[in-house]
Amino acid sequence: MVTRYKIKTLTEFIIERQSEYPHAKGALTRLLNDIATAAKIVNREINAAGLVDILGYEGKENVQGESQKKLDVFANEQFITALKGGAECCAIASEENEKIISFQNEFSELGKYVIAIDPLDGSSNIESNVSIGTIFSIYRRKTEVGEGGKNVDILQPGINQVAAGYVIYGSSTMLVYTTGKGVNGFTLDPSVGIFCLSHPDMAFPKEGKIYSINEGNYIYFYEGLKKYIKYCQEIDKETSRPYTSRYIGSLVADFHRNLISGGIFLYPGSKKSPSGKLRLLYECNPMAFIAEQAGGKASDGYNRIMEIEPETLHQRSPLFVGPKSMVEKAEEFIQEYDG
Ligand code: P6P
């Protein structure tokens, strides 16, 4: 007798979970589906990128001063188009745009949500075929409906996130998200273009054995972090050290591996970049929300990431994220030696 497992699709899952939010009237459901739709289109282009002339540089620079790759621009356009057309979102803050994109049309102006998004994070890895990702945060707008969204709608602390997630374009394409009731992962079946629940109730292993940091910046690290790295490299059977060092240089890929296998990701402040490299709104906060919902912790070494009050759209923050015990050990070293 063949046992048929009922596949639960992302749409079915979102609708099923929507009933857990009495005030929800389907807007967030539609918003998450809009994101999933754009992700499928981006996924198709990424998989074909090696074959068509979409690799290489767009010849412009983004607000970060980073050379924009064609796929960056394409991904940004896909998410903006999908979210503008969906009419649930009244503004977007994107890594690729210096200012927020406020949707001034009669439908979007009634949208109750705003989105902070990194449409294609880790894009410097595109040519080497390394996994890259999309990272997003969803907030309820603070301004009244009836006009396009404003900065004040997006400059909110991470604790106000309604949902957050990432898409990893890797050996398979997965969407992982939370709405504050746990973390669930969906794998895209490319033959039918449907995200299927493959990783229900994701959680960090209690103790990880991986540390993830770009040690090429070691000479710029402050004392506390240098001592933490040495701690990771010491022999101690009780705490399964030395840990394994794994660093891909693509936040979504490093985070996802650590979530599955157990590990801490560190992008610290340093003498070279006191606030680190990662952006608070569309990298640190969404990863922090997912991490906390997966039983982990996310801090800047001293403060909970999700309690940092953002002042500017592209502000950076140090990020230590992973199993609670591993993040707290790193915080111990930083607070003891760096004050
Ligand atoms: P570094 C990619 O450019 C990114 O924003 C993240 O995806 C990644 O974690 C980080 O930068 C890598 O930075 O300085 O180690 O190359």
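Predicted model, so just to flag it, every value in this text is computed and none were measured. Values below: every heavy atom of this structure, side chains too, minus hydrogens, waters and symmetry copies. Atoms within a ligand are numbered from 1 in the order they appear, just like the ligands themselves.
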- Under 6.0 Å from the NZ atom of Lys324, do we count more than 12 heavy atoms belonging to anything else shown? no

- Evaluate whether atom NZ of Lys181 has more than 12 neighbouring non-hydrogen atoms of other residues, nucleotides or ligands under 6.0 angstrom away.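 Correct, the count exceeds 12.
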
Any nitrogen or oxygen of [X], side chain or backbone, less than 3.5 Å from one on ligand 1?
{"X": "Ser124", "value": "no"}
{"X": "Leu251", "value": "yes"}
{"X": "Asn217", "value": "no"}

- Message: Heavy-atom distances under 4.0 Å decide this one: backbone, side chain, both or neither, for Asn214 against ligand 1?
- Response: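 Just the side chain.
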
- Query: Using a heavy-atom cut-off of under 4.0 Å, does the side chain or the backbone of Phe255 touch ligand 1, or both, or neither?
  - Reply: neither

Interfacing atoms of ligand 1 (cut-off 4.0 Å, heavy-atom, [X]):
{"X": "Phe265", "answer": "9 (O)"}
{"X": "Tyr247", "answer": "1 (P), 12 (C), 13 (O), 15 (O)"}
{"X": "Ser250", "answer": "7 (O)"}
{"X": "Glu283", "answer": "5 (O)"}

- Task: Would you confirm whether the ring centroid of Phe333 sits within less than 6.0 angstrom of the ring centroid of Tyr231?
- Result: yes

- With a 6.0 Å cut-off on ring centres, are His314 and Tyr282 close enough?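 Yes, the ring centres sit under 6.0 Å apart.
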
- Query: Ion pair present between Lys297 and Glu328, side-chain N to carboxylate O less than 4.0 angstrom?
  - Reply: yes

- Which of these, Asp118, Asp254, Asp121, has its nearest heavy atom closest to atom 4 (C) of ligand 1? Asp121

- Would you call the rings of His256 and Tyr166 parallel, tilted or perpendicular if under 30° counts as parallel and over 60° as perpendicular?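 Taking Tyr166 first and then His256, their aromatic rings stand perpendicular (interplane angle over 60°).
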
- Within 45° of the ring axis of Phe221 and under 6.0 Å from its six-membered ring centre, is that where the NZ or CZ of Lys271 lies? no

